[in-house]
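Computed from a prediction, not measured in an experiment: that's the story for all the values here.
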Amino acid sequence: MSSLVFSSSIKPSTKNHERDRPSKHESSISAEKKIFNRNLCKSSPGFTVTNIATTKPSTVVPPSKNDSKLVAWTSVKQERWQGELHVQGQIPLWLSGTYLRNGPGLWHLGDYNFRHLFDGYATLVRLHFENGHLIMAHRQIESEAYKAARKNNKICYREFSEVPKPDNFLSYIGDLANLFSGASLTDNANTGVVKLGDGRVVCLTETIKGSIVVDPDTLDTIGKFEFSDNLGGLIHSAHPIVTDTEFLTLIPDLINPGYMVVRMEPGTNERKYIGRVNCRGGPSPGWVHSFPVTEHYVVVPEMPLRYCAQNLLKAEPTPLYKFQWHPESKGYMHIMCKASGKLVASVEVPLYVTFHFINAYEEKDEDGRVIAVIADCCEHSADTSILQKLRLQDLRSSAGQDVLPDAKVGRFRIPMDGSPYGSLKAALDPNEHGKGMDMCSINPNFLGKKYRYAYACGAQRPCNFPNTITKIDLVEKKAKNWYDEGSIPSEPFFVPRPGATEEDDGVVISIISDKNGEGYALLLDGSTFEEIARAKFPYGLPYGLHGCWVPKK
């Protein structure tokens with residue numbers, strides 16, 4: 001049973017009420033379905049689209065042999081599906097647009113099962129909201145890595161922990177040469193999806209070649225997003241900062257350890273150099289899966305979990321995959337001015353491990369001068385075992401053991417007065433959210449500004465993976481937690497209500513894989529955090545990672 005809880009106490013949720021769909025909206029949603037069907041069939045001859053979720057089309061991709069109740073960690077049942085969903089509750093009429101969620105969805109080829117969550121081939125899920133109705137679709141992203149794997153029934157590119165098996169020594173030497181050139185790196189864009197300021201929608205991963213443009217209406221793979229500049233690079237942050245006016249990202253330099261900060265304007269494919277940060281420690285740059293910004297600064301993290309060229313060359317996974325833990329090299333946070341590219345602060349901070357930064361803002365004195373930068377993240381207590389806990393064999397374990405590593409809202413304070421040290425503390429008691437914290441979103445109108453609320457996945461223990469949706473109040477230092485026993489929610493994504501004046505006035509969207517091997521779309525009120533609507537899928541979907549919102553034109 002799902003529930004809304006404060007800290008560790010559990011209370012029953014409000015009951016869902018089935019709504020009657022007003023007939024005046026039928027023509028609008030019907031037109032949207034016809035456009036989707038026409039475009040999808042046009043691009044995929046011979047494929048029949050099913051419009052109603054209760055009818056299941058024929059299987060395209062064979063299901064995994066794993067227990068169906070572990071659907072979050074089971075390959076998607078088929079390559080694509082589309083249909084209108086039956087809604088329980090009430091979808092706000094102002095919610096008009098498309099939520100897209102990207103993530104790994106195919107974890108096997110024939111009888112071979114992949115090893116890590118991050119290896120799966122990308123599955124894009126679409127939830128289109130209009131006039132209180134909901135149309136859902138999913139489709140595999142047709143990267144070169146995915147198409148080659150399907151054609152040859154084997155892995156053909158280097159994924160997160162999977163490496164193609166060479167036929168002989170000469171092919172192994174050729175693979176190494178292709179690795180240095182980037183040719184053997186995957187373009188499997190299975191991590192995130194962003195809407196650029198010019199309207200293009202791009203799926204991303206950490207390899208630069210893994211940037212793929214998709215159609216948000218049909219989910220068609222349009223083609224590669226290729227940068228037109230000469231800045232080069234093989235990898236970049238999987239989470240760029242994207243607004244209507246710019247695209248900011250970090251490009252790690254593995255040869256001369258450091259990070260290049262670049263900007264791209266809407267309507268272009270050209271990254272422009274802002275500045276560079278040289279690493280202060282370690283043999284290589286720290287992993288930069290994400291980073292935050294403020295109104296005037298880019299925050300560049302230098303984590304002691306560092307890229308490792310030796311591990312990249314190996315044919316089998318190492319304990320930390322493409323990384324090595326170097327606590328002796330220490331951890332740092334750097335602050336760069338967006339306008340000038342000048343490094344204005346560089347401080348040592350306590351050791352940390354984070355995948356995802358939440359937000360950052362400037363702390364000012366009474367005269368309005370910036371005296372520090374505050375940067376919040378989902379911090380895993382400097383424990384690198386979180387990477388190993390994301391192995392599929394561990395995720396599929398249902399032993400009920402409490403093995404999820406602790407995590408907190410880690411708050412960095414980076415002084416701007418020349419001090420050599422910054423601080424890292426918990427922004428609130430981690431017990432408020434079950435000492436689990438990851439997969440976060442905020443009201444996008446507060447990006448880079450002082451903010452109060454964050455939405456993330458927390459933990460109702462015992463568990464081996466984050467299993468709640470939590471609303472963090474950074475002023476009251478409290479959390480509200482939604483929990484459905486045995487279910488796995490994906491990243492809660494906040495969509496603000498147009499014209500809202502309160503930070504938490506909006507809805508939170510998540511996709512749930514439940515304990516019965518099924519799944520549903522969930523809507524929570526951003527303010528009260530009560531469930532307002534859910535819509536059952538025709539079958540459960542695998543766990544996904546990150547999403548974006550595409551407003552209705």
Asks: With under 30° as parallel and over 60° as perpendicular, where do the rings of His289 and His546 fit, or are they tilted in between?
Replies: tilted
Asks: Between Thr354 and Glu379, do the side chains contain an N or O donor and an N or O acceptor separated by less than 3.5 Å?
Replies: no
Asks: Using the six-membered ring wherever Trp is involved, compare the ring planes of Trp73 and Phe465 and label them parallel, tilted or perpendicular (cut-offs 30° and 60°).
Replies: perpendicular
Asks: Under a 3.5 Å threshold, yes or no: a donor from one side chain and an acceptor from the other, between Asp376 and Tyr451?
Replies: yes
Asks: Hey, are Arg452 and Asp473 close enough for a salt bridge, meaning a charged N less than 4.0 Å from a carboxylate O?
Replies: yes
Asks: Using the rule given for salt bridge (charged side-chain N to carboxylate O under 4.0 Å, His left out), can you reason through Asp505 versus Arg497, listing the C-alpha separation, both sets of side-chain angles and the distance that settles it, and then say yes or no?
Replies: CA-CA 6 Å; Asp505 186 354; Arg497 182 179 64 82; 2.8 Å; yes
Asks: Determine the interplanar angle of the Phe114 and Tyr121 rings, folded into 0 to 90°, and report it as parallel if under 30°, tilted if 30 to 60°, perpendicular if over 60°.
Replies: perpendicular
Asks: Does a donor on one side chain sit under 3.5 Å from an acceptor on the other, for Thr245 and Thr243?
Replies: yes
Asks: Do Ser346 and Ile335 make a side-chain contact, defined as non-hydrogen atoms from C-beta onward lying under 4.5 Å apart?
Replies: no
Asks: May I ask you to decide whether Lys471 forms a salt bridge with Asp504, counting only side-chain N to carboxylate O separations under 4.0 Å?
Replies: yes
Asks: Would you say Ser419 and Asp417 are linked by a side-chain donor-acceptor pair, where the criterion is simply a distance under 3.5 Å?
Replies: yes
Asks: Parallel, tilted or perpendicular: which describes the rings of Tyr307 and Phe323, with under 30° parallel and over 60° perpendicular?
Replies: tilted
Asks: If we ignore angles and hydrogens, is there a donor and acceptor under 3.5 Å between the side chains of Asn278 and Arg276?
Replies: yes
Asks: Do Asp406 and Ser381 have side-chain atoms, one donor and one acceptor, less than 3.5 Å apart?
Replies: no
Asks: I'd like to know if the side chain of Tyr146 pairs up with that of Asn190 as donor and acceptor (distance under 3.5 Å, no hydrogens or angles considered).
Replies: no
Asks: Short question: side chain of Asn443, backbone of Tyr453 - any donor-acceptor pair under 3.5 Å?
Replies: no
Asks: Using 30° and 60° as the class limits, which term best fits the ring planes of Tyr321 and His116: parallel, tilted or perpendicular?
Replies: perpendicular
Asks: Among Phe493, Phe494, Trp549, whose ring-ring contact (aromatic ring centres under 6.0 Å, His included) with Tyr99 holds?
Replies: Phe493
Asks: In terms of ring plane angle, is the pair Phe355 and His380 parallel, tilted or perpendicular, where the classes change at 30° and 60°?
Replies: tilted
Asks: With a 4.5 Å heavy-atom cut-off, do Arg306 and Ser329 have their side chains touching?
Replies: yes
Asks: Can you find a side-chain donor-acceptor pair between Glu362 and Thr294 that sits under 3.5 Å?
Replies: yes
Asks: Taking C-beta and beyond as the side chain, do Leu541 and Thr123 meet within less than 4.5 Å on heavy atoms?
Replies: no
Asks: Checking side-chain polar atoms at under 3.5 Å, does Glu206 have a donor or acceptor matched by the opposite partner on Trp287?
Replies: yes
Asks: Is it the case that the side chains of His128 and Thr98 hold a donor-acceptor pair, with the cut-off being a distance below 3.5 Å and no angle test?
Replies: yes
Asks: Look at the aromatic rings of His334 and Tyr332 and report parallel, tilted or perpendicular, splitting at 30° and 60°.
Replies: parallel
Asks: Under 6.0 Å between the ring centres of Phe412 and Tyr352?
Replies: yes
Asks: Would you call Asp402 and Arg461 a salt bridge, using N to O less than 4.0 angstrom?
Replies: yes
Asks: Are any non-hydrogen side-chain atoms of Val193 and Val202 less than 4.5 angstrom apart?
Replies: no
Asks: Do the side chains of Glu491 and Arg101 get close enough for a salt bridge, i.e. N-O under 4.0 angstrom?
Replies: no
Asks: So does Glu432 pair up with Lys478, basic N to acidic O under 4.0 Å?
Replies: yes
Asks: How many angstroms lie between atom CG of Asp438 and atom SG of Cys378, to the nearest 0.5 angstrom?
Replies: 5.0 Å
